[in-house]
Number of protein chains: 2
Amino acid sequence: MPTQLQIARQGVISDQVRLVGRAESIPAEQLSQEVASGRVVIPANKVHLQRGLRPIGIGRPLRTKVNANIGTSGARSDLSLELEKLRIALEAGADTIMDLSTGGDIDHIRQELLQACPVPFGTVPIYQVIQGRDVDEVTVDLIIGTIESQARQGVDFFTLHAGLLSRHLALVEDRLAGIVSRGGALLAKWMVHHGKENPLYEYFDDICQILTEFDVCISLGDGLRPGAIADATDQAQLAELEVLAELVERAWAHGCQVMVEGPGHVPFNQIQYNMELQQRLCHGAPFYVLGPVVTDIAPGYDHITAAIGGTAAAYYGASFLCYVTPTEHLGLPSAEDVRIGVIAARIAAHAADLARGLPSALAADRQISLARRELDWERHLAIAIDPQTARRIYLQACKDSNNLEPGKADYCTMCGKQWCSLRISKELRQAR
Amino acid sequence: MPTQLQIARQGVISDQVRLVGRAESIPAEQLSQEVASGRVVIPANKVHLQRGLRPIGIGRPLRTKVNANIGTSGARSDLSLELEKLRIALEAGADTIMDLSTGGDIDHIRQELLQACPVPFGTVPIYQVIQGRDVDEVTVDLIIGTIESQARQGVDFFTLHAGLLSRHLALVEDRLAGIVSRGGALLAKWMVHHGKENPLYEYFDDICQILTEFDVCISLGDGLRPGAIADATDQAQLAELEVLAELVERAWAHGCQVMVEGPGHVPFNQIQYNMELQQRLCHGAPFYVLGPVVTDIAPGYDHITAAIGGTAAAYYGASFLCYVTPTEHLGLPSAEDVRIGVIAARIAAHAADLARGLPSALAADRQISLARRELDWERHLAIAIDPQTARRIYLQACKDSNNLEPGKADYCTMCGKQWCSLRISKELRQAR
């Protein structure tokens, strides 16, 4: 069975292209060409499709998408909590979910999460390979077998840190933060221990053949992403990116869908360069970025540092933002942190889409501002990006303001009646 | 007694210039020249100085500064709550405070807040003028008298919406959100009602003379700032900005310190243009922006939309960010909202300073990343932008992870021991 890429190359419009085109108001023919060129991916494992996956597209011509990471750890492995995080992430509007579980019965957890997940679902197969094993027990067969078994299970996209090579390790020596990618660090350890090249690179073609069978989209991991502002856009990062660009073409040669992962910790002034470089080197393959966070100093607020960087990234070239939660750098997120993380990333995605002039984004802002102007509180709150939070704050503000009756007054609790500029603006309009 | 501007023009280095220069590691001679040129202001009312004001400087050569708005409303007027907000804002690191009180005994509230405020303190005098009065009772004498009495009290900077003129009102007609500035809306109402020009414009020279006596810095309000993305960078906004530029030169002619206020709601792609335009038209007078928020759709999260816009603004030309809290557009902030608003604005200011290459900003990121690399949790948390929040999240994460003993482990609760990339990086470094 051909992949979305292969179908589109044949000039055939798949059902998935048709659905995505409709959702994004883009003609199916045009979208199919974008898929054929590799500039848009539709991660849709055939197994997951049969179980009711709602396909989405990722790429520059489309709305910027948002991923939420969930998953267990060795110290905390509770399936019901992860199912709750999944539910909250979907409710908050995550476009995709990644299961990064590293603790408990990972196969079972993935099976249950995948079953409950109607949107594209990603994993990092190397995480399962190392679970409960020492690095010397990890063989190439084990790695490839795990990839195949997860593909068979229905996972829609895999992060594969295939671009991190032995020759890059010397470039990491002068770094402040070294290797901060978990997958990257583990592969580096494997390479040093076994004295061999990265198996994901060495066996990349074999892996591609497995993935095309199920149409799993590759997400080329950036094992050398900078983990500190001081390391941003350094030689290690750029050297790996060049290999990722080579792997994009190799994946395409197999008819395999592919996107590229990006940094990381990047100061605001380097984001444009990073985005444009990836788009140029990787021939427009979609860029999937983690943040980027624009400073190191804000643990507890990295959903905000990532929203700043994510807006700039998605404006200048990224198509897909991985959320960052307030617990980043400190621990694993609670369900509430998941919600905040998704909303913050969606704000960044939307702000970038607005800046790119996407008609649907412009219409959304126009609608809420019309409701605001008319002091139509019900509608204002209902169409907010997070209606629940907006309503909670509004009701509290009414309560604190001499129990103003919510939604009834022709002013808000921020300025009060006499000071309501919107009310005065209305008067001025009517006076003319 | 001369103003900071006049002193600097005479080639004399004031005590305040010396203090600010030391705090910002910039030679006093150079800073004095920046003050003389108007590119840096040091808002320091002589009365407040005598009572122990710690002066700060605002301008492009310096660290980006952050203001927190507090103040009562007609519906909620509790001095102790406002004193608590002041305390929290200062603790969170606000560089300046504005008292926007519109309810209760405003004079008394201002007196008490000013007394407790060691940093520059600003107000919007027109708010007091209209309190308890109808628009037809507001006279020019009342306006000027109020300005003088607040100057005498020790206020360091005044927002004066002096650039909004009768001829601009027609430009507002096609706007989606009309006039959203409270001061702007009230003055427009006054102008329409009395059939006269804006008194702050008409009597601008008289006002400057009063302000130079105390060295109150003018903050030229943007009464026509866009209140919706659809209105950003429109004719009304730009026409007012041209008048503000004229008023900058008129203030300077009086030896009066002056800065300019700016938008508002601005999409990400228009921020650079807005900043560069203000800097060019206003001859480098410091730009003080409210946000800008980069989308209308996120009530409840406008500290985030403002942090996104504020980073870009401070990178491209602004020197001073007015915080926006999660309650913006919905109500008045609680003390906790004040704290979140200050931190979010400080993140934006810092991210921009980092992008501008300020050595102190680069050093801060380097330090926390070194602590992170060494898995030195005590130091990591202590030097975070909000140590209290970072610590709370970290301790909770430890608790949730089988009660890991905080700070003892050579890994964190995010990835756990086996997955700790920092620990593996350390191993790899040691293996070489």
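Lettering follows sequence order; numbering is per chain, from 1. Since the model is a prediction, treat every value here as computed from it, not as a measurement.
When heavy atoms are compared at a cutoff of 4.5 Å, B:R346 does not approach chain A at all. For a residue to count as touching a neighbouring chain, one of its non-hydrogen atoms must lie under 4.5 Å from one of that chain's; by this rule B:A364 touches chain A with backbone and side chain alike. Using a 4.5 Å cut-off between heavy atoms, B:V294 contacts chain A through both its backbone and its side chain. The contact between B:T327 and chain A is made by backbone and side chain atoms together, counting heavy-atom distances below 4.5 Å. Residue contact with chain A, scored on non-hydrogen atoms closer than 4.5 Å, involves the backbone of B:I126 exclusively. For B:Y315, the part lying under 4.5 angstrom from a heavy atom of chain A is the side chain only. Within the 4.5 angstrom heavy-atom criterion, atoms from both the backbone and the side chain of B:A312 approach chain A. Looking at B:I308, both its backbone and its side chain come within 4.5 Å of chain A, counting heavy atoms on both sides. Contacts of A:A228 with chain B are made by both backbone and side-chain atoms, with heavy-atom separations under 4.5 Å. Of the two parts of A:Q396, neither the backbone nor the side chain holds a non-hydrogen atom closer than 4.5 Å to a non-hydrogen atom of chain B. Only the backbone of A:S181 comes within less than 4.5 Å of a heavy atom of chain B; no side-chain atom from C-beta onward does. Residue contact with chain A, scored on non-hydrogen atoms closer than 4.5 Å, involves the side chain of B:A397 exclusively. B:E374 does not touch chain A: none of its heavy atoms, backbone or side chain, sits under 4.5 Å away. Neither the backbone nor the side chain of B:I271 comes within contact range of chain A; no heavy atom of the residue lies under 4.5 Å from a heavy atom of that chain.
Remark: the backbone N or O of A:H380 is not paired with any side-chain donor or acceptor of A:Q367 at under 3.5 angstrom. A donor-acceptor distance shorter than 3.5 angstrom exists from the side chain of A:R133 to the backbone of A:V129, with no hydrogens or angles considered. The backbone N or O of B:L404 sits nowhere less than 3.5 Å from a side-chain atom of B:S401 that would complete a donor-acceptor pair. Between the side chain of B:D353 and the main chain of B:A361, no donor-acceptor pair closer than 3.5 Å is present. Using modelled atom types, one side-chain atom of B:T72 and one backbone atom of B:G103 make a donor-acceptor pair closer than 3.5 Å. Remark: side-chain polar atoms of B:S421 are paired, donor with acceptor, to backbone N or O of A:V180 under 3.5 angstrom.
Ranked by heavy-atom pairs shorter than 4.5 Å toward chain A, the options B:R373, B:R372, B:R366, B:K426 are led by B:R372. Of the listed residues B:S369, B:P267, B:G300, the one with more heavy-atom pairs under 4.5 angstrom with chain A than any other is B:S369. Chosen from B:D365, B:L422, B:I385, the residue pairing most often with chain A at heavy-atom distances under 4.5 Å is B:D365. Ranked by non-hydrogen atom pairs under 4.5 Å with chain A, the options B:V293, B:L100, B:I343, B:I340 are led by B:I343.
Residue A:A355 comes nearest to B:F268 through the heavy atom pair CB-CB, 3.8 Å, listed as atom of the first residue, atom of the second, then distance.
In B:R356, the CZ atom is crowded: over 12 heavy atoms of neighbouring residues, nucleotides or ligands sit closer than 6.0 Å.
B:D296 and B:H265 form a side-chain donor-acceptor contact under 3.5 Å, judged by distance and modelled atom types alone.
Relative orientation of the A:Y394 and A:W377 rings is parallel, given thresholds of 30° and 60° on the angle between their planes.
Ionic pairing of B:D386 and B:R339 is present here: one or more N-O contacts between side-chain nitrogen and carboxylate oxygen are shorter than 4.0 angstrom.
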